[in-house]
Amino acid sequence: MAAFLLLPYLLAPLYRVIDPVSTPMMARWLTGKRVERTVVPLSQMAPALPRTVIASEDGRFCRHRGIDWAELRVVIEEADDLSEARGGSTITQQAVKNLFLWPGRSYARKALEIPLALWVELVLPKRRILEIYLNVAEWGPNGEFGIEAGARRAFNKSARQLSAGEAALLAAVLPNPKRRSARQPGPAVRRIAGIVQGRAARVASLDTCLRGP
C-alpha cells in the first residue's frame with residue numbers, strides 16, 4: 001500500500017521529459033474502448049489556447065503553488081459537504097487527478113490530491129504542468145484526449161490553427177465534454193465561451209508564468 005501511495009511522487013519528476021497518460025485513458029484501454037490522443041507541445045498550440053484555458057479553469061494559475069487556498073475555502077464554505085462542492089480545483093489539481101487518481105468527489109480523493117498537487121508544483125514548472133494538462137484532459141465523448149484530438153473532433157483542424165473563438169469553445173466544454181460540445185455548441189456553451197474569451201483578452205498577466213521556448 002505504501003509503495004502504491006509513493007508511486008505518483010516518484011513518477012511526477014519524470015514527467016519533465018516523459019509524456020504521461022491519464023488514468024481515464026488507461027481505463028479505456030483496459031476495457032477495449034477507443035482512445036485518440038496526439039501529444040502537442042505548448043509551443044505548437046495556438047497562442048490563444050493556453051491563456052483561454054487558464055481564464056476558464058484557473059485564473060490564478062500563475063500565482064498559486066498548486067492549491068488556490070482562498071478559492072477552495074469559499075467553495076467549501078458554500079457547500080453543505082464536499083460532494084456538493086463545485087469548482088475550486090486548480091489546473092494542477094485537475095492534472096494530478098487525471099494522472100494519478102479517479103473521477104468523482106470524495107474526502108479520500110481530495111486528501112490524496114492536495115499534497116500531490118503541492119509536490120507536482122515543486123518538481124515541474126508551470127509551463128510543463130499546463131502542457132501536460134492540455135494533453136491529457138478529456139475533450140470529447142468517445143475517447144478524445146488532449147487538445148489535438150479535441151480540436152480535430154470539433155473543428156477538423158489542428159490545435160495550432162485554432163482561433164481565439166474556437167479555443168474559447170473548447171475551454172467551455174472542459175468540465176463535461178460528454179454533455180457539452182464545441183462542435184455543436186448550445187446557448188450555454190456559447191455564452192461561457194464569450195465570457196472566457198473576453199476575460200482572456202483583457203488580462204495580460206494570465207500567462208506570465210508560461211514564458212519559454
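At distances below 3.5 Å, at least one donor-acceptor pair connects side-chain atoms of Arg127 with backbone N or O atoms of Leu210. Checking side-chain atoms of Arg183 against main-chain N and O of Ala151 turns up no donor-acceptor pair under 3.5 Å. For Thr23 (side chain) and Asn98 (main-chain N/O), a donor-acceptor pair under 3.5 Å exists by modelled atom type. With Trp139 contributing its side chain and Leu170 its backbone, the two residues share a donor-acceptor pair below 3.5 Å. Side chain of Gln197 to main chain of Gly194: no donor-acceptor pair is present (N/O by atom type, distance under 3.5 Å, no hydrogens or angles). Between the side chain of Glu131 and the backbone N or O of Leu42, at least one donor-acceptor pair lies under 3.5 Å.
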I would like to know whether Val136 and Arg37 meet side chain to side chain contact (heavy atoms under 4.5 Å, CB included); could you show each step before the answer? CA-CA 8 Å; Val136 299; Arg37 182 180 79 148; 3.6 Å; yes
I'd like to know whether Lys178 forms a side chain to side chain contact (heavy atoms under 4.5 Å, CB included) with Glu138, so could you lay out the CA-CA distance, the side-chain angles of the two residues, the decisive distance to 0.1 Å, and finally the verdict. CA-CA 9 Å; Lys178 290 184 171 65; Glu138 194 166 4; 2.8 Å; yes
Can Thr92 and His64 be said to form a side chain to side chain contact (heavy atoms under 4.5 Å, CB included), step by step? CA-CA 10 Å; Thr92 308; His64 63 65; 4.1 Å; yes
CA sep, side-chain torsions, deciding dist, call: Arg160, Val40, side chain to side chain contact (heavy atoms under 4.5 Å, CB included): CA-CA 9 Å; Arg160 180 198 296 268; Val40 180; over 6 Å; no
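Here the CG atom belonging to Leu174 is positioned 9.0 Å from the CD1 atom belonging to Ile91, to the nearest 0.5 angstrom. Expressed to the nearest 0.5 Å, how far CG of Leu99 lies from CG of Leu11 amounts to 9.5 Å. The structure places CG of Leu30 at 12.0 Å from CE of Met25, a figure rounded to the nearest 0.5 Å. Here the CD1 atom belonging to Ile54 is positioned 12.5 Å from the CZ atom belonging to Arg199, to the nearest 0.5 angstrom. The CD1 atom of Ile114 sits 6.0 Å away from the CD atom of Gln93 when rounded to the nearest 0.5 Å. To the nearest 0.5 Å, atoms CD (Glu57) and CG (Leu134) are separated by 9.5 Å.
Classification of the Trp119-Tyr9 ring pair by plane angle, with boundaries at 30° and 60°, yields tilted.
A salt bridge does not link Asp207 with Lys126: every distance from a Lys NZ or Arg NE/NH1/NH2 to an Asp or Glu carboxylate oxygen is 4.0 Å or more. Between Glu144 and Arg153 a salt bridge is recorded (basic side-chain N to carboxylate O distance below 4.0 Å). At a threshold of 4.0 Å, the pair Arg152-Glu148 counts as salt-bridged, since one of the basic side-chain nitrogens sits closer than that to a carboxylate oxygen.
Nearest heavy atoms, Pro185 versus Leu169: CB-CD2, 4.0 Å. Arg28 and Gly143 get closest at one heavy-atom pair: NE-CA, 3.5 Å. In plain terms, the two heavy atoms of Arg128 and Ile18 that are nearest each other are NH2-O, 2.9 Å. Contact between Ala171 and Ser56 at its shortest, heavy atoms only, is O-OG, 3.6 Å. Scanning both residues, Ala12 and Val120, for their nearest heavy atoms gives CB-CG2, 4.1 Å. Contact record, Gly66 with Ala117: O-CB, 3.9 Å, taken as the closest heavy-atom pair.
Atom CZ of Arg34 has more than 12 neighbouring heavy atoms from other residues, nucleotides or ligands inside a 6.0 Å radius. Counting heavy-atom neighbours within 6.0 Å of Lys33 NZ, excluding the residue itself, gives a total of 12 or less. More than 12 heavy-atom neighbours from other residues, nucleotides or ligands sit within 6.0 angstrom of CG on Asn176.
Judged purely by distance below 3.5 Å, without hydrogens or angles, the side chains of Gln94 and Ser89 never pair a donor atom with an acceptor atom.
Linking ILVMFWY residues whenever their side-chain heavy atoms come closer than 4.5 Å, directly or via other members, places Ile147 and Leu206 in the same cluster. Linking Ile, Leu, Val, Met, Phe, Trp and Tyr whenever their side-chain heavy atoms come within less than 4.5 Å leaves Val39 and Ile129 in two separate clusters. One hydrophobic cluster, built from ILVMFWY side chains closer than 4.5 Å, cannot hold both Ile192 and Leu49; they sit in different ones. Transitive grouping of hydrophobic side chains (ILVMFWY, heavy atoms separated by less than 4.5 Å) keeps Phe100 and Phe145 in distinct clusters. At a threshold of 4.5 Å between side-chain heavy atoms, the hydrophobic network of Ile, Leu, Val, Met, Phe, Trp and Tyr places Val196 and Leu162 in two separate groups.
Looking only at side-chain heavy atoms (C-beta outward), Arg179 and Pro141 stay at 4.5 Å or farther from each other.
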